[in-house]
K.L.:
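Handing you this structure, nothing more for now.
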Amino acid sequence: MITLYTALTDRLSRADWLLTTLARLVFAGTLLMYFWVSGLTKLGDGLFGIFQPSVGAYAQIFPRVMEQISYDTSQLTLFHWAVVTGGTIAEFVLPALIVLGLATRLSALGMIGFVIVQSATDLIGHGRLEDPQTLGAWFDKIPDSLILDQRAFWVFLLLVLVVKGAGPLSVDTILKRRLDA
């Protein structure tokens with residue numbers, strides 16, 4: 001019985017392709033559209049709306065600053081524009097790269113940074129740090145808080161990709177094979 005168990009688990013231990021492929025599939029199925037829809041809410045009008053973020057984009061990312069200036073974006077600096085524009089571009093580009101499996105480790109690391117900044121903005125910028133439902137707690141009986149529960153799973157999923165890479169069904173693998181040939 002132990003020999004059979006060991007034989008089966010040894011095969012699973014060598015199935016890195018399964019873990020990495022499923023990690024990207026789960027990301028695509030659960031988070032790709034979340035980030036893209038969030039990015040769409042930040043676009044300004046017109047063809048180049050990505051470079052002219054909406055008032056809502058600034059309010060999402062810099063809520064306290066926007067309140068202080070009565071939502072008058074003309075009072076914001078180049079720094080605010082760069083952060084909002086960079087964050088909006090990241091919401092489209094990084095998830096797409098992960099799904100394609102292109103620069104996967106770097107893209108997943110960027111997404112981890114994005115999720116950390118997003119969480120800090122939700123907690124500090126939007127004043128939800130004291131809200132136990134938003135922050136949550138580990139090792140409690142309620143697994144649905146936004147930050148410590150849900151986003152911990154997001155980061156864990158992304159860490160799998162940082163550590164293991166994209167797997168065999170990816171642009172990274174195709175490029176590596178071409179370089180090795």
K.L.:
Can you tell me if S54 uses its side chain to pair, donor with acceptor, with the backbone of T41 under 3.5 Å?
P.N.:
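Yes; at least one donor-acceptor contact below 3.5 Å.
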K.L.:
Which value, rounded to the nearest 0.5 Å, describes the distance between H126 atom NE2 and R64 atom CZ?
P.N.:
10.0 Å
K.L.:
At their closest point, which heavy atom of P95 faces which heavy atom of F35, and how far apart are they?
P.N.:
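For P95 versus F35, the nearest heavy atoms are CG-CB, 3.9 Å.
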K.L.:
Whether the side chain of S70 engages the backbone of D72 through a donor-acceptor N/O pair (distance < 3.5 Å, no angle test) should be reported.
P.N.:
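Checking the backbone N and O of D72 against the side chain of S70, no donor-acceptor pair under 3.5 Å is found.
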K.L.:
Let me have the donor-acceptor pairs involving side chains of residues 152-160, under 3.5 Å, with sequence neighbours excluded, atom names and distances please.
P.N.:
none

K.L.:
Taking atom CD of Q75 as the centre, does the number of heavy atoms from other residues, nucleotides or ligands within less than 6.0 Å exceed 12?
P.N.:
yes
K.L.:
Is the shortest distance from a Lys or Arg side-chain nitrogen in K176 or D172 to a carboxylate oxygen in the other one below 4.0 Å?
P.N.:
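A salt bridge is absent here (no side-chain N lies under 4.0 Å from a carboxylate O).
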K.L.:
Same cluster or not: are V163 and L102 linked, directly or through other Ile, Leu, Val, Met, Phe, Trp or Tyr residues, by side-chain heavy atoms under 4.5 angstrom apart?
P.N.:
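No, V163 does not connect to L102 through the hydrophobic network.
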K.L.:
What are the two closest heavy atoms between D144 and Q150, and how far apart are they?
P.N.:
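Scanning both residues completely, I find the closest heavy atoms to be O-NE2, 3.6 Å.
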K.L.:
Could you tell me if the side chain of L161 sits less than 4.5 Å from the side chain of R24, heavy atoms only?
P.N.:
yes
K.L.:
Without swapping roles, check the side chain of R128 against the backbone of L123 for a donor-acceptor pair under 3.5 Å.
P.N.:
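Between the backbone of L123 and the side chain of R128 there is no qualifying donor-acceptor contact (under 3.5 Å).
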K.L.:
Where do S38 and E91 come nearest, in terms of heavy atoms and distance?
P.N.:
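Of all heavy-atom pairs spanning S38 and E91, the closest is OG-OE2, 2.7 Å.
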K.L.:
Nearest 0.5 Å, what's the OG1-CE distance between T73 and M66?
P.N.:
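Nearest 0.5 Å value for the OG1-CE distance: 6.0 Å.
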K.L.:
With sequence neighbours excluded, tell me which residues meet side chain to side chain contact (heavy atoms under 4.5 Å, CB included) with T9.
P.N.:
Y5
K.L.:
Examine V115 and L129 and state if one hydrophobic cluster contains both, with Ile, Leu, Val, Met, Phe, Trp and Tyr joined whenever side-chain heavy atoms are less than 4.5 Å apart.
P.N.:
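In one cluster: no.
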K.L.:
From T104 OG1 over to L109 CG, what is the distance, rounded to the nearest 0.5 angstrom?
P.N.:
12.0 Å
K.L.:
Working note: L106 + L97, criterion side chain to side chain contact (heavy atoms under 4.5 Å, CB included); need CA distance, chi angles, decisive distance, verdict.
P.N.:
CA-CA 9 Å; L106 186 59; L97 291 174; over 6 Å; no
K.L.:
Could you tell me if the side chain of I61 sits less than 4.5 Å from the side chain of V117, heavy atoms only?
P.N.:
no
K.L.:
Could you pull out the closest heavy-atom pair between A28 and V99, with the gap in Å?
P.N.:
CB-CG2, 3.7 Å
K.L.:
Do the non-hydrogen side-chain atoms of V83 and Y58 ever get within less than 4.5 Å of each other?
P.N.:
no
K.L.:
So, for S107 and I98, which heavy atoms are closest and what is the spacing to 0.1 Å?
P.N.:
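The pair with the smallest heavy-atom distance is CB-CG1, 3.8 Å.
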K.L.:
Please name all residues satisfying side chain to side chain contact (heavy atoms under 4.5 Å, CB included) with P168, sequence neighbours left out, ordered by chain then number.
P.N.:
W17, T20, T21
K.L.:
Show the nearest heavy-atom pair for residues F92 and G39, with the distance to one decimal.
P.N.:
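What the structure gives for the nearest pair is CZ-C, 3.4 Å.
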K.L.:
So does G125 get a backbone contact from the side chain of T121, meaning a donor-acceptor N/O pair under 3.5 Å?
P.N.:
no
K.L.:
Is the shortest side-chain heavy-atom distance between H80 and V65 below 4.5 Å?
P.N.:
yes
K.L.:
Report the distance from atom CZ of F27 to atom CG of L31, rounding to the nearest 0.5 Å.
P.N.:
5.5 Å
K.L.:
F48, L43: one ILVMFWY side-chain cluster at the under-4.5 Å cut-off?
P.N.:
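Yes; L43 is reachable from F48 via cluster members.
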K.L.:
Between D16 and K164, is the closest basic N to carboxylate O distance under 4.0 Å?
P.N.:
yes
K.L.:
What's the separation between atom CG in L18 and atom CG in L12, rounded to the nearest 0.5 Å?
P.N.:
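Separation between the atoms: 8.0 Å.
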K.L.:
Test of understanding: clusters of I, L, V, M, F, W, Y form through side-chain heavy atoms closer than 4.5 Å, transitively. Do L146 and V37 belong to the same one?
P.N.:
no
K.L.:
Report the distance from atom CD of Q118 to atom CD1 of I147, rounding to the nearest 0.5 Å.
P.N.:
7.5 Å
K.L.:
Kindly indicate, with the supporting measurements, whether the criterion side-chain hydrogen bond (donor to acceptor under 3.5 Å, both in side chains) is fulfilled by S170 and T173.
P.N.:
CA-CA 5 Å; S170 66; T173 299; 3.0 Å; yes
K.L.:
Show, in sequence, the C-alpha distance, side-chain angles and deciding distance for W138 and D149, and conclude whether the side chain to side chain contact (heavy atoms under 4.5 Å, CB included) test is met.
P.N.:
CA-CA 7 Å; W138 279 2; D149 293 333; 3.7 Å; yes
K.L.:
Could R151 and D122 be called an ion pair, given the rule that one side-chain N must be under 4.0 Å from one carboxylate O?
P.N.:
yes
K.L.:
Would you kindly confirm whether V84 and I89 end up in one hydrophobic cluster when ILVMFWY residues are joined by side chain heavy atoms under 4.5 Å apart?
P.N.:
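Yes.
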